[in-house]
Amino acid sequence: MSGQMAQMPIGPDLLRQLPALITVATAVLALVAQMVARPRWSLWITLGGLLVASAMAVPLLGADETVFAGTYRVDTLSTWAALVLLPATALVVALSEPEVRGTPREGAVYSLLAFTTVGALVLAGAGDVMFVVLGVLISSLGAFGLVAYGRDDRATEAAMKYFVFGSVSEAAMIFGLTFWFGATGSTLLGDLWRLEGARLPAAAGLLGVLVGLGYKAAIVPFHFWAPDAYDGGPVAVAAYLSVVPKVGALFGLSQVVSGLPESAANWRFIVAVLAVLSMTYGNLAALVQSNVIRLLAYSSIAQAGYFLLGVVALGRSPLALQSLVVFGAAYAAMNIGTFAIIARVGRDIHSLAGYGRASPVGGAALVICLLSLVGVPPLAGFFGKLLLFSAALDADFSWLAVVAIVNSVLSLAVYLRLLVPAYQLPADKPMPSLGAVAATSTALVVALGIAIQVLVSRVN
Amino acid sequence: MPLLSIAVFVPFLGAIALVLLRKPGARTAHQIGLVASGSSLLASAGVAVRGLSGASEFSQVEQIDWIPSLGSAYRVGVDGISLPLVLLTGVLFFVSLVYSLRVRDRAAAYVAFFLSLETTCLGAFVALDLVLFYVFFELTLVSMYFIIAGWGHEGAQRAALLFFLYTLLGSLPILLGIVALYLGSDPHTFDIRQMIAAPPLAGVAATLTFVAFLVGFGIKTPVFPFHTWLPAAHVEAPTAGSVVLAGVLLKLGTYGFVRFALQMTPDAFRAAAPWVAALAVVSALYGAFVALAQTDLKRMVAYTSVNHMGYVVLAIAAAAAASDQPVRALGLDGAVLQMVSHGVVTGALFLLVGALQDRAGTREMGAFGGLLRAVPLLGWAFILAAFASLGLPGLAHFPAEFQIFLGAFGVWPVASAIVVLGILVTAGLYLRAIQATFLGELGDRWRALPDLHGSDLWAVAPLLGLAVLIGIAPGVLLDVIHRTVSAVGP
């Protein structure tokens, strides 16, 4: 391995890593701007850097290769992670601005958001278990800081829970992965086929990966930290945690399992069971929340379950990759849109009362984002779910698709809990208008749905 | 000129105009509603005048690429099954908006929801692409939910919620069925014409897909035991909402039985036909007997829908099971005609019950008596519509039910003998309602009740006219219907 590496020119490999490298540079520059007491510069540097980094991923579309001696993949998942998660981070940065403006560490928030996204990108392109570990660590470190940002009791408690839970999960993951290394003699995900027949190591490693990435993606039963962490920090951080590290971890999980031999530890079935648990528990728990952020936290646990339908079908259905990317893009837009509206209206479910009547445009945006989360056509979420269901059926997991459908109905009951007060009651206070972030996200939810061909035709 | 697309999207343009105008007055809102819905009806009439071309294929097809990567496109067209339903939809929405002219509470939003609902209903009937169909089919729920929740009666919130959840539970199995058809087709496509020409599934996959359609469209129709959402939704919806719900949205269910279950999974349907027929018979009788037990007029009319839809499903099941073409065509002729007749007649009944409630503040039969003397127009109109609904010869339901029973008798004589009981029960319940409400002693409190006038009259009259017209000259519609259904099947 090392001999090979010495011979290879590193320049082209670095060029293929431009999105991540520019994001790192953005995070550093944003921090420097904060250090010289120019938080406004920090904001613009972050927004600009993220969009430039995202643009650098466009030439990589259609590529399917590995760099750095097979340890990092430049493929559909990693390229689309950059194309989706970097703009999503930019939206979150814009969303966080009113919440953190003028506070002592304003620029640090923007910097941390960019830095944490690097972890998600590393996960989505991981070609080596070390990158999986690195990705989880990077995205955890920044996220702890973001959750603790508020510096009050609630934020500290949330961050502590998140930190302790994260440390234990990561340790478990690393421990499990040593079994894979022992059995295959390699840390490359491309060598996981050697696990064929090695039942115990295969199962131990899979367990480790599921604990570590399941924690990052907030999949049941590794989700306990999520509602507290989301509700502890600024709403923008909740929006961020529900989208960027989650999608990164799910794409990372896809990279890992797609290399596993079919028989290894019955992984498809285990992932399918986790999907059922996540969807069902997430939706049921969301039904009884009265804090909108906690409700959305549980809803995003359920949404992670839908993603797993695509993971289950990897390698069996050509629709699996498409479904993951399309649902990823749709999910980022609709979830950030919903959080952006809540950030303006308020965390309590009663604060939504009359929103739809007082602000028709804002109400319409809320309806669009929530119905897209349910999967109502022709919105982006519908096409994501259509592809996920197709992939699951195609991979002979019809029963999983049926469970997902029942859960979609359940999720409608969850989201109607937000819509009903918005339309049923007249407003008892002046309502905020629709913000730019919410408007952009909602427009994306509609546009991605109607023009889904643009997206589908570029994911192969 | 793409008349079909114009008919489908003009109402939606009206809805957009209402949104863009930013709080137009009620008068403007209703004018826009009538113009948009009226233009759509005219375009549909144009489609009917152009007529159908071939026997078995779809006519006036309009097509634009949409998602070529997935084999999905914007494709619309009509045949003898969908064309009558398109016309029915156009008429019912127009009269509903006429009846709604008096709505003043958030009129712009009200009209906008009705117009979007019209677009989605028409779109579902003319879609020739499975994804496109599903888009329209599912969106009908959203508009209807807001109409019930926003302008319904006392328990509207709960009824709307139940309606939305229950029917979403129905539409998602349909989505799975659609995906199964897509995965079974080679090359993968969502083109309905290809699914009909060469049903892609066989064996277990076909059976499971059929079951998904049975559950999905069974909830929509509704067939016993999936009917529990219906009474609440119909009763709590505003009058025009009930008209559209019973007249158009239920037809999406029966239309789906024909277009999807029968045409795309024919063998599985044939194998399961006796079971479906049993459900249909139970539905028809259950609907009739429960309607008989009601004292609330609106609730009673709502339950007769379960009865009438039971006949339709029985006829479709008979068509699926029939081994020879004439019997199959007979059943389907009756089924499609019954869909139209039920839309027209039940639409009129809901309008009349709504008018009565607006005037009297109650719908309880026991509270009335002798109303024929106070409101003769309303009374005679109700009696005419009730006679049509119970299947009196010369009125709309008779030719339809006659063919349904004839078609079903050819396949299952016993089942059709049992189901005819339903007609006796409906006759009994309508006569009882007429007697309790319009005959007998007129109570003092009802003496000053105003009779039908203005927009009420203009909304009801066309429907009653159609009920008589279909009864006297069913051939006009049957010619169109028969042209397609005579070619359905193996």
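Lettering of chains follows the sequences in order, A, B, ..., and the numbering in each one begins at 1.
- Listed by chain and number, the residues in a ring pair (Phe, Tyr, Trp, His ring centres under 6.0 Å) with B:Phe136 amount to none (sequence neighbours excluded).
- Residues of residues 373-384 of chain A placed with any heavy atom under 4.5 Å of a heavy atom in chain B are listed by number as A:Val374, A:Gly375, A:Val376, A:Pro377, A:Pro378, A:Phe382, A:Phe383.
- Residue contact with chain A, scored on non-hydrogen atoms closer than 4.5 Å, is absent for B:Val19.
- Evaluation of the side-chain contact (heavy atoms from CB on, under 4.5 Å) rule for B:Ala7 yields B:Ser40, B:Ala43, B:Ser44 as partners, not counting sequence neighbours.
- In this structure, chain B has a heavy atom under 4.5 Å from the side chain of A:Leu387, while its backbone stays farther away.
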Could you pull out every donor-acceptor pair under 3.5 Å between chain A and chain B?
residue, atom, partner, partner atom, Å
A:Ile450, O, B:Trp66, NE1, 2.8
A:Gln453, OE1, B:Ser69, N, 3.1
A:Gln453, OE1, B:Ser69, OG, 3.3
A:Gln453, NE2, B:Ser69, OG, 3.0

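- How far CG of A:Leu386 is from CG of B:Leu70: 7.0 Å, rounded to the nearest 0.5 Å.
- Taken to the nearest 0.5 Å, the CG atom of B:Leu169 stands 10.5 Å off from the CG atom of A:Leu412.
- Rounding to the nearest 0.5 Å places CD1 of A:Ile405 at 3.0 Å from CG of B:Leu176.
- Looking at A:Leu416, A:Val409, A:Leu419 one by one, the single match for side-chain contact (heavy atoms from CB on, under 4.5 Å) with B:Phe164 turns out to be A:Leu416.
- Of the atoms belonging to B:Leu175, it is side-chain heavy atoms, and not backbone ones, that fall under 4.5 Å from chain A.
- Using a 4.5 Å cut-off between heavy atoms, B:Leu183 touches chain A through its side chain atoms alone.
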